[in-house]
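Just so we're on the same page: letters track the sequence lines, and every chain starts at 1. Note that this is a predicted model, so its numbers are computed, not measured.
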2 protein chains.
Amino acid sequence: MSAPASKSPATLHDVAREAGVSLATASRSLNGSARKVNEAYRQRVVEAAQRLGYTTNLFAQAVAKGSTTTVALLVADIADPYFSSIAAGVINAASEEGLVVTIAVTGRNAQRELDTVRALRGQRPRVMILAGSRTTGSAFEEQLRLELSSFEDTGGKVAFISQDAAPFATVLLDNYGGARDLAVALAGLGYRDVAVIAGPPEIRTAEERLDGFTEGLAEHGITLPPERIIHADFTRDGGYRGTQELLASGASVDLVFAVNDVMAVGVVSALRDAGIVPGTGIGVAGYDDIPTVRDITPALTTVRIPLEDVGRRALQLATGTAYDGGTAGVGAGPEAIPTETIIRGSTPRR
Amino acid sequence: MSAPASKSPATLHDVAREAGVSLATASRSLNGSARKVNEAYRQRVVEAAQRLGYTTNLFAQAVAKGSTTTVALLVADIADPYFSSIAAGVINAASEEGLVVTIAVTGRNAQRELDTVRALRGQRPRVMILAGSRTTGSAFEEQLRLELSSFEDTGGKVAFISQDAAPFATVLLDNYGGARDLAVALAGLGYRDVAVIAGPPEIRTAEERLDGFTEGLAEHGITLPPERIIHADFTRDGGYRGTQELLASGASVDLVFAVNDVMAVGVVSALRDAGIVPGTGIGVAGYDDIPTVRDITPALTTVRIPLEDVGRRALQLATGTAYDGGTAGVGAGPEAIPTETIIRGSTPRR
DNA sequence: CTGTTAGCGCTTTCAA
DNA sequence: TTGAAAGCGCTAACAG
């Protein structure tokens, strides 16, 4: 009795016919906002839709309404726990609002980021969220700004996650302050001879953390000699290699700060592979508090960012759903996300 | 001189007018397949588009063409490295083909998975990729099959990642074989008193790995008593708690196999927190070879799955781009992805 | 090769 | 309230 596999999805038209009502009525019963349709009709339409296995064609709906239900998320690397945690937050928040999120990866490449933004505009997303690694000094930066401004001029909303992004909404991460606090805490634990495995100089987040950390040390009268700052890739392998370089230099240090946790994980492995037990003799600290750092040995001292929240905030900021999540008082605004220093086994008191 | 922020994106119409050509010509120069348009015109159109900051409205295009450029990916948890690595593969492969991927998370909840599939159909994706954790025995299973079949009947393509999914294309993961090989290798290293932290019984992947492992042990004359099989959540915390339970039972074991790496990471942490040094006395093994397991201490013995490849394969399988990636000979087909036992420090020879 | 003209599936005036 | 009809932005015959 079942009809042979038809070759295309049921349309609203089909539903209307099946229910014996007009297209308009069908539309109104299924998706219309202002409910002004006879319950009896509505019933029949819904049943007909059910029977035909009808699902609204979101694209067609978008075209007709002139607005979509899409959120575009750009990340450097979705396999990096930092970004995947943020993505989880964005996706969860989005699905609560009936929005669908499309993810694109830019691989920390400014050119590619720009191209991606352009391509994504074709989707006419309601919101575009750019997570991570604003670079600085790139010729693309201005072009990106222009592209995004134009996107906003045509009704889109953009939200950045990271440092203040000029005219755009931003979920502010206080990289400077968090790193400063961390440095202060570590100095308090007795560390004095510090090295930093920093990121590529053009990654702003990395630089801010470096600066904040330096400042925190300075407050305790500790200086960070330039040769103790090693620039490396913003990845686990970057941390690993940076550490090898550090060790090769023969510098004698009692603490290594990597500007993010994935790098710090690399640091720990590199130390261990060099026969040094991290946490005894040399302390190690990171930044972000990605899930894994609890599970490496020793557990890593770091600065906690509530990653999932950050993602969720970014979405809400952009959609205007920015309810004040219980965080007492003061308006949402570009208030920085609170950061917390977490001391763990990788930096015992000296 | 710059025009005041217009309130909606330039349309093809605008471009055509600006360039002084017809709509059709504009369309053809910008997106048309068969190139049959005077170069001079094309030039002008492209310039006009440029000037107006025009980008094709993909939705409208989709409606007109009756086909989209969207790929929908369903994962249990995007923050889980297993899934985020697969996602990376899917996204990369997709972007190479000019496809955009939207990600939805199901949280290992069959009901939610079904709902999500239904919602996603509204996007009329070209492809739907379901990664992970097929459950068994759920009443939703049949409904899901129906929904997906109907999706395919209306022109969509679906691909599963995991065990054979009946009528749908599948990137086959040889959970059974991989686990068996692992067990054999471990038995060869001298382990005899084994416990397994298994996943929830209804997760098929978990069960297959358990069965394969049991079989491998049996080949060496080792039996796995039922009380040595502990079912726990398929997460890091599941592994942690499962291990606590195991320890509390007082069982004396020399090896713990967790059916996936995130659980194994929990096992390692739980052992350590209980004052036991993993790798000395008790060996630990996992499954998947997610990136972090190289960096915990001791490095984890596991079964490698080329996660990114798997994601990429799934997409290619669905789009029919399934080129034979150098893997000598034999057709693509539902050949299982090759698996590899990786022995690391967590399971030294006894 | 170019332009005209129907659609695609859905929403939304505007009358009835 | 309901239905007819005019779009939304784009593509695809179809003539010219």
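In this structure, A:Glu39 pairs ionically with A:Arg42, as a charged nitrogen and a carboxylate oxygen lie closer than 4.0 Å.
A:Asn38 places its CG atom 5 Å from the P atom of D:dT2, with the value rounded to the nearest Å. Whole-Å rounding puts the B:Asp14 CG to D:dC10 C1' distance at 13 Å. Distance, A:Leu30 CG to C:dT12 P: 14 Å, rounded to whole Å. For the pair B:Arg42 CZ and C:dT2 P, the computed distance is 11 Å after rounding to whole Å. Remark: C1' of D:dT11 and NE2 of B:His13 are 15 Å apart, rounded to the nearest angstrom. Rounded to an integer number of Å, the gap from CZ of A:Phe59 to C1' of D:dT11 is 16 Å. Atom pair A:Gln61:CD and D:dG9:P shows a separation of 16 Å (rounding to whole Å applied).
Listed pair A:Ser27 / C:dC10 fails the phosphate criterion, with no side-chain N or O lying under 4.0 Å from OP1 or OP2. Side-chain N/O atoms of A:Ser22 include none lying less than 4.0 angstrom from OP1 or OP2 on D:dT2. Residue A:Asn31 places none of its side-chain N or O atoms closer than 4.0 Å to OP1 or OP2 of C:dC10. Not one side-chain nitrogen or oxygen of A:Thr25 sits closer than 4.0 Å to the OP1 or OP2 atom of D:dT2.
When each of C:dT13, C:dT11, C:dC1 is scored by its nearest atom to the side-chain atoms of A:Arg28, the top-ranked nucleotide is C:dT13.
The closest side-chain donor-acceptor pair between A:Gln61 and A:Asn57, if any, does not fall under 3.5 angstrom. Residues B:Glu96 and B:Asn92 have side chains that never bring a donor and an acceptor to within less than 3.5 angstrom of each other.
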Check the pair B:Thr205 / B:Gln163 against side-chain contact (heavy atoms from CB on, under 4.5 Å), numbers first and verdict last. CA-CA 7 Å; B:Thr205 297; B:Gln163 45 285 309; 3.4 Å; yes
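Within the structure, every pair that satisfies the ring-ring contact (aromatic ring centres under 6.0 Å, His included) test and touches residues 143-162 of chain B, not counting sequence neighbours, is listed here: B:Phe160-B:Phe168.
Between the base of C:dG9 and the side chain of B:Arg124 there is no donor-acceptor pair shorter than 3.5 Å.
Residue B:Glu142 qualifies as enclosed at atom CD: its count of foreign heavy atoms under 6.0 Å is above 12.
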Could you pull out the protein-nucleic contacts involving nucleotides 6-8 of chain D (nitrogen or oxygen on both sides, under 3.5 Å)?
residue: D:dC8; atom: O2; partner: A:Val63; partner atom: O; Å: 3.4
residue: D:dC8; atom: O2; partner: A:Ala64; partner atom: N; Å: 3.2

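Remark on DNA chain C: of its neighbouring residues A:Tyr54 and B:Ala24, the 5'-side contact belongs to B:Ala24, judged by nearest-heavy-atom nucleotide.
When all heavy atoms of B:Ala104 and B:Leu120 are compared, the pair lying nearest together is CB-CD2, 4.0 Å.
At the heavy-atom level, A:Tyr41 lies under 4.0 Å from the strands shown only through sugar-phosphate atoms.
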